[in-house]
Amino acid sequence: MRKKILIFPFIAFFFVLLVFFYLLVIERDPSELPSVLIDKKVPTFEADSLLNKETFVSKNEFGSEITLVNFFATWCGPCRDEHVYLKRLSNEKGLKIIGVNYKDDPNKAVEWLEELGNPYSDVIVDSKGLIGIDWGVYGIPETYIVNSKGIIKYRLVGPITKKKYNAFYSKIKESED
Amino acid sequence: MIPNLGNFSLWLAFCFAVLQFVVSYQKNNKSTLYFNRIAVNGLLLCAFLSFLSLMYSYLVSDFSVVNVFHNSHTTKPLLYKISAVWGNHEGSMLLWILVLAIFNYFIFKLYNKTNSIFISKTLETQAFVTIGFLLFTLLTSNPFERIIPVPTNGLGFNPILQDPALAIHPPLLYIGYVGFSAAFSFSISAMSIESIEKVPWYNYMKPFVLAAWTFLTIGIAFGSIWAYYELGWGGWWFWDPVENASFMPWLLGTALVHSLVTVEKKMMLQKWVLLLAILAFLLSVVGTFLVRSGILTSVHTFALDPARGIYILVFIGILGAYSLILFALNSKKFLDKNYVSFLSREGSILVNNILMIVVCFSVFLGTIYPLIIEAFSNNKISVGEPYYNSTVVPIVIPAILIMGVVPLLSWKKIGVKKIFRKTLPSIVLTIIVTTIFLWIYQSYNPLGLIGIILACWVISNIVFTQNNIPKFSKSMVMGHIGISLLILGVTGSSVWQKEKIIRMKLNDETIIHNYNIIFKEIKEVVGKNYIAIQGNFWIYNNKKSIITKLNPENRFYPVTNNSTTEASIHTNLLRDLYIVLGDGNEKDGWVVRIYYNPLVVWIWIGAFVIFLGGLFSINTNIKILKRLSL
């Protein structure tokens, strides 16, 4: 009997490893944080627009088609990596993407868009991060999917990567159901 | 050029590690020692060279190295250019390897005629561990990757990590984690060798375990100091998964240190020690896995890369399978024939061990519970402070109670009456001191009461048995005093903390625990790589005389474009006054958070006393080892 007890640490240890392994292998994203905003209406706000002189009014922008809201900044390395995929979503899939330039220098943001191209239909300036607070931004980049009724359906924390791209796109499609 | 050299010597280090593994694996003969000397020294030299190359790249801001580009900037102060080397995933793996090589060298130094088989086997395991980490670094997180074209400047270093405490926190912590690798290797070696009775393996293991535990203690303390001063949340421990990852090996290390003494004195608990040594190291690596794989989200998460996760997991799997199966098959030969009485040193150590394991298991469960729940039900939950407070605290309390009695016990059974007679003076002293404390603080919180009683209990027992304690366990006395000071600090700052968050305009006044705080002035200051607004607060006591002026800052770092809060703290032995400046403007005032944190400084003092005690003990045990090898 005592001999058998000695194998117990091994079994317990491997149970834990199996759980870890399972979580690593399945299509899972630890950055997929539950948000209280899911299935709620978009927060209303008004803010300056980066590229044109008009004020951005949230009421006018949401609720007609699927819209992505992407928080980004020039100082954020992963945002640069994700930019390609935003362009693909905008150019190939024809999606409307609203960019929120989060705690950033507007001049640098303009340069950045000139250099990398502009996937956004409009870019909002959020230099103090106040819009970010309303949306519950955790760390950028973050992307929200808002459906055509103006309801937030999904939140992605972290960059859209090559691996996540397809899954993310199917989330966009699902958001209409 | 230099980064290439670094990369090259890292590969060379890999070759030496393989050589060490192959040579040690051979049945022992004369050439083993010869080749092992080459391998061990070569590994150390190459790891060191590689580390220096990365440091050089940081010092000259060589942005052709991706790692430097991502984590440095020309305007960064020198100290943080150096600490940035290990302030990121790739560089910290390099540091890990360097520390491994250093420990490897010390193990090699133990070689002599009588223990050659034992040490060879240890070096073999150590080489295997080193190979694992070298491959991991080289294949999935090479710090010497280059970019073309070379950027003109770096992306900067997270300003929140630019803090002196955090600059030395990782190296200390790594000495701890990696030190357990030595314990692991010794344990494997002890179990796989036939004639182990002739080799006092516990004497070899002990200084390494002590070193690991001592440096882990001070490493965790520095991490905690950083959190307290830099994060500006008013606390020093948040039960974050990464904090837990360092706390779990520490708990097992505590149990290990104690039971090693029992093995040494009574040849008891051998099996147990072997298992603890394995688990302490496995948990250290699991901690690394949790942090580096991105399986958990935490404020410390470095690098989200599943490939790394799989690699470490497979590596842990191999180490775990090998060591734990070996344990299941071979630990039978370490038979305990002795009968353990509860009222003896060995008995109390055994109970202490069990309690430590239970605490460790609770923390482990809390850390991975969200993962297990997610694996089985797809729900996301989070386990926070309330869980840990309600599981850890009740188990720690009896552990400390027993800890207080230990100096009175001897290595054999002792009667209950005798113990009671011996503890009577300290019971009286404890009651007196506790009463004084309560009288000063005027608070009757039950947990606070228990904390104070425990701290006094441990110290007064030590004071009254001063003369009975033989010379070599002075380090034990220091360790235990350190723990009780720490408990004092922990109790004070968590039970009697006061917090106030208010909006203040210039010349506004507020009160926190008998202190009047006046917001005098706000101005801009310019630092080397930041600009800041600084508030000026004057603190008066209730007799209207000024105590201090505090200047919390809100720093903005243009390079990384983020801000940090610099708390301003006035410390004395009884309490900290802690002010953090938030957002605001002239018209509406600024958000100000003020904390009154009693006894915080005793946490750091306690940790430092434990650290010193640990150093003494390492010294004593190295002497014992030297005597052995003569």
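On a predicted model such as this, the values are computed, not experimentally measured, just so you know. We name chains A, B, ... by the order of the sequence lines, and we start the count at 1 in each one.
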Worksheet item: Checking side chain to side chain contact (heavy atoms under 4.5 Å, CB included) for the pair I368(B)/V16(A): CA distance, chi angles, key distance, verdict?
Response: CA-CA 9 Å; I368(B) 67 159; V16(A) 172; 4.1 Å; yes
If one checks every heavy atom of I278(B) against chain A at 4.5 Å, the contacting part turns out to be neither
Closest heavy-atom pair, P9(A) versus F327(B), reported as atoms and distance to 0.1 Å, is CG-CE2, 4.3 Å
When rounded to the nearest 0.5 Å, the distance separating CD1 of I7(A) from CG of L329(B) is 6.5 Å
Rounded to the nearest 0.5 Å, the CG atom of L326(B) sits from the CZ atom of F10(A) at a distance of 12.0 Å
If one checks every heavy atom of F15(A) against chain B at 4.5 Å, the contacting part turns out to be side chain
Applying ring-ring contact (aromatic ring centres under 6.0 Å, His included) to F8(A) and not counting sequence neighbours gives none
Sorted by chain and number, sequence neighbours left out, salt bridge (charged side-chain N to carboxylate O under 4.0 Å, His left out) with E92(A) holds for R88(A)
Whatever's closer than 4.5 Å to a heavy atom in chain A on V314(B) counts as neither
Output for pair (F20(A) CZ, I310(B) CD1), nearest 0.5 Å, gives 12.5 Å
Output for pair (L313(B) CG, L18(A) CG), nearest 0.5 Å, gives 9.0 Å
Okay, L282(B) and chain A: the region with an atom under 4.5 Å from a heavy atom over there is side chain
Of all heavy-atom pairs linking L371(B) and V19(A), the shortest is O-CG1, 4.2 Å
- Message: More than 12 heavy atoms of other residues, nucleotides or ligands under 6.0 Å from CZ of F361(B): yes or no?
- Response: no
